[in-house]
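Please read the structure below before turning to the comments.
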Amino acid sequence: MNTDQFLVKSALKNIDRASFTWQTPSNIALVKYWGKSNPQIPKNASISFTLNNCHTITTIDFVKKEKSNEAVFNLFFEGKEKAEFKPKIAEFFKRVQQYCPYILEYKMTINSENSFPHSSGIASSASGLSAIAMCLMSLEKELNADLSAKNSNKKASFLARLGSGSASRSIEGPLVVWGKHAEIEGSSDLFGVQFPYKVHSIFENYQDVILLVDKGEKQVSSTVGHNLMHEHPFAENRFIQANENLAKMSKILQEGNAKDFINLVESEALTLHAMMLTSNPYFILMKPNTLEIINKIWEYRQENESSICFTLDAGANVHVLFPEKEKENVGQFIESQLSKYCDKNQYICDTVGFGAKMF
């Protein structure tokens, strides 16, 4: 794996201060990645819908200082200093400093806010770390005028991956593949790539309503969950299955087979949770209301010949996926039948988006 392409090789300008603001989205995996090796290399390839409304907005103010041996930064989340977030960000800066050595010459003040509840299974690390990566690349573009937008996005995905694997899929959209796969042109373990083939019209502007079953902290962090795959008795078969499923998903997305899409997406979601159920130690990430919602979705789909389906991240919340043409009917179903299973009847209406936006 050639990481030399991400090293800074040009002479950089001298800039005393700069400030950049980026909005980057969360994403929801259709084929899941679960299990990795160092440094943040996935055990299988994955593909995700980039979301639009679930995002993080991050501003980083850079002020020139004497060069230090480690990154110097202050971190504010939704207006308050968050000391508990700093170790993860410090580790991220440590991992990326060989590719972004200029960060050691600036004091950084990071202000970040989410449009959704933090640490509740809506991939807040994906949107949060991809936003920081985009701010770093904005600084690098100011320091190095020769850096192209295409190479900037690729490096941002590469950097974001070093903080959170799924963050590599939050730079672009609407569909992003992360992980080397023989049938996905240009795919890499080092960064995410846009799905390179023409997608059937049924999947354009796809809808995702996120049912907030549990807005609290996740029972188990993604890092812990991934580590459980190292000794998992079913891990190797799962990695094979996931790569086979990605090949199937590629064909489904191009041909527009809604029934096969539903079957594969729901199977992937349940397989992810099955891996946690059968790990040691084992975890039940669903809540009783998660199961109630799943059964209601199955009933609605059968009774209405709908293309509605669900997927899950590593938590209790349910992502309800459906084509745009069903937006009105499914919206009424969610409000009347599913919202009662949500924490304070809360849910987020989202749609497939196109990645990072600069402010």
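Keep in mind it's a predicted model, so treat the numbers as computed, not measured.
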| request: Check the angle between the aromatic planes of F203 and H200 and answer parallel, tilted or perpendicular using the 30° and 60° thresholds. | output: perpendicular
| Any donor-acceptor N or O pair under 3.5 Å, side chains S48, R169 | yes
| task | Drop me the distance from N289's CG to L211's CG, to the nearest 0.5 angstrom. | result | 10.5 Å
| Less than 4.0 Å between a side-chain N and a carboxylate O, is that true for R238 and E268? | yes
| note | Tightest non-hydrogen contact, residues S339 and Y347, listed as CB-CE2, 3.8 Å
| query | Is there side-chain contact between C54 and I210, with heavy atoms separated by less than 4.5 Å? | reply | yes
| Spacing of S127 atom OG and N114 atom CG [to the nearest 0.5 Å] | 5.0 Å
| task | Apply the test salt bridge (Lys or Arg N to Asp or Glu O under 4.0 Å) to residues E292 and K340: give CA-CA distance (whole Å), side-chain angles for both, the deciding distance (0.1 Å), then the verdict. | result | CA-CA 10 Å; E292 292 283 358; K340 63 186 177 183; over 6 Å; no
| request: Output the distance between atom CG (L143) and atom CG (N14), rounded to the nearest 0.5 Å. | output: 8.5 Å
| said: Do the side chains of K248 and E244 get close enough for a salt bridge, i.e. N-O under 4.0 angstrom? | reply: no
| Using 4.0 Å as the upper bound for N to carboxylate O, is an ion pair formed by E105 and K64? | yes
| Taking the side chain as C-beta and beyond, is there a heavy-atom pair between F77 and N111 under 4.5 Å? | no
| Residues which pass ring pair (Phe, Tyr, Trp, His ring centres under 6.0 Å) with Y197, listed by chain and number, not counting sequence neighbours | F195
| Taking it one step at a time, do E236 and K43 satisfy salt bridge (Lys or Arg N to Asp or Glu O under 4.0 Å)? | CA-CA 9 Å; E236 290 305 319; K43 290 290 191 178; 5.4 Å; no
| task | For the residue pair T59 and F20, establish whether any side-chain heavy-atom pair is separated by less than 4.5 Å. | result | no
| said: In the structure I gave you, are the side-chain heavy atoms of I47 and V176 within less than 4.5 Å of one another anywhere? | reply: no
| note | For F239, the other hydrophobic cluster members (4.5 Å side-chain criterion, sorted by chain and number) are W34, V220, V224, L228, M229, F234, L272, M275, M276, F283, L285
| With a 4.5 Å heavy-atom cut-off, do F93 and L136 have their side chains touching? | yes
| Taking all atoms of both residues into account, what is the closest heavy-atom pair of A242 and V31, and its distance? | O-CG1, 3.5 Å
| query | Which atoms form the tightest heavy-atom contact between F359 and Q23, and what is the distance? | reply | CE1-CB, 3.2 Å
| Which atom of A29 lies closest to which atom of T311, heavy atoms considered | O-OG1, 3.9 Å
| said: Can you give me the closest heavy-atom contact between L159 and C100, atom names plus distance? | reply: CD1-SG, 3.6 Å
| note | So CG of L190 and NZ of K155: to nearest 0.5 Å the spacing works out to 13.0 Å
| query | Among S164, S170, S130, whose side-chain hydrogen bond (donor to acceptor under 3.5 Å, both in side chains) with S125 holds? | reply | S164
| task | Compare every heavy atom of I132 with every heavy atom of I60, then report the nearest pair and how far apart it is. | result | CD1-CG2, 4.0 Å
| said: Could you check, using the six-membered ring where one of them is a Trp, whether Y33 and H226 have ring centers closer than 6.0 angstrom? | reply: yes
| request: With T351 as reference, evaluate E324, K327, Q207 under the side-chain hydrogen bond (donor to acceptor under 3.5 Å, both in side chains) test and give the passing residue. | output: Q207
| query | Less than 4.5 Å apart, any side-chain heavy atom of L246 and any of S46? | reply | no
| So, do F322 and D208 sit near enough that their side-chain heavy atoms are less than 4.5 Å apart? | no
| said: Is any side-chain heavy atom of F310 closer than 4.5 Å to one of I293? | reply: no
| task | Would you kindly say whether S250 and Q254 are connected by a side-chain donor-acceptor distance under 3.5 Å? | result | yes
| Is the centre of the F261 ring less than 6.0 Å from the centre of the Y206 ring? | yes
Please list every donor-acceptor pair under 3.5 Å in which a side-chain atom of residues 80-89 meets a protein atom from a residue at least two apart or in another chain.
unit_1 : atom_1 : unit_2 : atom_2 : d
K86    : NZ     : F73    : O      : 2.9

